[in-house]
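Note: hydrogens, waters and symmetry copies are ignored here, and every other heavy atom, side chains too, is used.
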Amino acid sequence: MADEQETKTEPEEKPEDKGPEEKPEGGDGESIKDSHGQEGISKAKYERERREWEAKVADLKAQLDGKAGDGDRVAKLEADLKAMQDRLADEKLTASLAAAGCVNAKAAKAVLGDYDGDVDKLKADCPYLFRKSQSGSTGGAPAGATGTHEDRVRKAREAAGTARYHKEQG
């Protein structure tokens, strides 16, 4: 009977860690959406991913400095470092476009080179790529508490039907 059951002495292999872009945003696998149905940006997620990529870039630089003698390995590390730096720059650009109110980052990135990477120039020349800023006014008349405290108490007592009682007491 003991021969029939085999015990495993080696731990099972963990699945390889996929990059941050392949991890689902929420528990249900859906990404964050803003009020217009566009993909939203989680500041915490962006900051976490940015720190991870900067740490990887620093690690690759350290590896590159320590392994200057290996030709093929150095070339691979340089390529990895360049890819990480490009990805970090792209993430920073995406964040700056989102902060400026860009509705289509892919289209904005495609024409941003014509404006020397200046988001403000792009926003001025291509306003259709950005959300319009709202003035904060709804157009309606302001509603809220008017009058003094005594007026509000009197109106509340009248509404409750106890105003006559308080006049007799006072």
Side-chain angles (χ1 to χ4, degrees), residues 5-144:
Q5 295 180 351
E6 293 182 25
T7 58
K8 292 185 178 182
T9 57
E10 297 178 6
E12 294 182 10
E13 292 183 16
K14 294 180 182 176
E16 289 186 27
D17 185 30
K18 297 182 180 180
E21 69 279 352
E22 296 178 14
K23 292 180 183 176
E25 304 267 333
D28 56 353
E30 294 183 19
S31 62
I32 298 172
K33 300 288 184 183
D34 66 6
S35 61
H36 302 288
Q38 299 291 325
E39 185 173 331
I41 296 174
S42 166
K43 183 175 181 179
K45 178 182 176 263
Y46 164 73
E47 291 293 327
R48 177 178 34 88
E49 287 179 352
R50 185 180 57 81
R51 284 191 303 272
E52 288 173 3
W53 287 107
E54 286 175 346
K56 287 182 181 181
V57 166
D59 182 48
L60 289 173
K61 281 184 179 179
Q63 288 180 16
L64 185 61
D65 291 339
K67 302 291 182 182
D70 299 335
D72 292 336
R73 189 169 181 185
V74 169
K76 182 184 180 302
L77 288 175
E78 286 176 342
D80 288 347
L81 176 62
K82 177 72 174 139
M84 291 289 181
Q85 287 173 332
D86 290 345
R87 174 146 175 112
L88 181 61
D90 185 58
E91 290 293 327
K92 286 181 179 179
L93 177 61
T94 301
S96 67
L97 287 170
C102 184
V103 294
N104 189 339
K106 187 174 183 180
K109 287 178 190 177
V111 295
L112 193 60
D114 297 341
Y115 298 95
D116 299 321
D118 190 353
V119 176
D120 292 328
K121 286 181 184 177
L122 176 66
K123 191 172 183 177
D125 285 351
C126 303
Y128 53 86
L129 289 174
F130 298 87
R131 284 187 212 98
K132 294 179 182 174
S133 60
Q134 296 180 352
S135 65
S137 174
T138 61

Are the charged groups of [X] and [Y] less than 4.0 angstrom apart, N to O?
| X | Y | result |
| --- | --- | --- |
| Lys45 | Glu49 | yes |
| Arg50 | Glu54 | yes |
| Glu78 | Lys82 | no |
| Lys109 | Asp90 | yes |

Got a second to check how far [X]'s [atom1] is from [Y]'s [atom2], nearest 0.5 Å?
| X | Y | atom1 | atom2 | result |
| --- | --- | --- | --- | --- |
| Leu112 | Cys126 | CG | SG | 10.0 Å |
| Leu60 | Lys76 | CG | NZ | 8.5 Å |
| Met84 | Glu52 | CE | CD | 10.5 Å |
| Leu81 | Gln85 | CG | CD | 4.0 Å |

**Request:** Flag this pair as yes if the NZ/CZ of Lys121 is under 6.0 angstrom from the six-membered ring centre of Tyr115 and inside a 45 degree cone about the axis; otherwise no.
**Result:** no
On a heavy-atom basis, which atom in [X] and which in [Y] lie closest, and how many Å separate them?
| X | Y | value |
| --- | --- | --- |
| Trp53 | Arg87 | CZ2-NE, 2.9 Å |
| Lys123 | Phe130 | CA-CE1, 3.4 Å |
| Ala105 | Leu97 | O-CD1, 4.1 Å |

**Message:** Any non-hydrogen side-chain atom of Leu122 less than 4.5 Å from a side-chain atom of Asp114?
**Reply:** no
**Prompt:** Hey, are the side chains of Tyr46 and Lys92 touching, using non-hydrogen atoms and a 4.5 Å cut-off?
**Reply:** yes
**Request:** Give a yes or no answer on whether the side chain of Asp116 reaches the backbone of Asp118 with a donor-acceptor pair at less than 3.5 Å.
**Result:** no
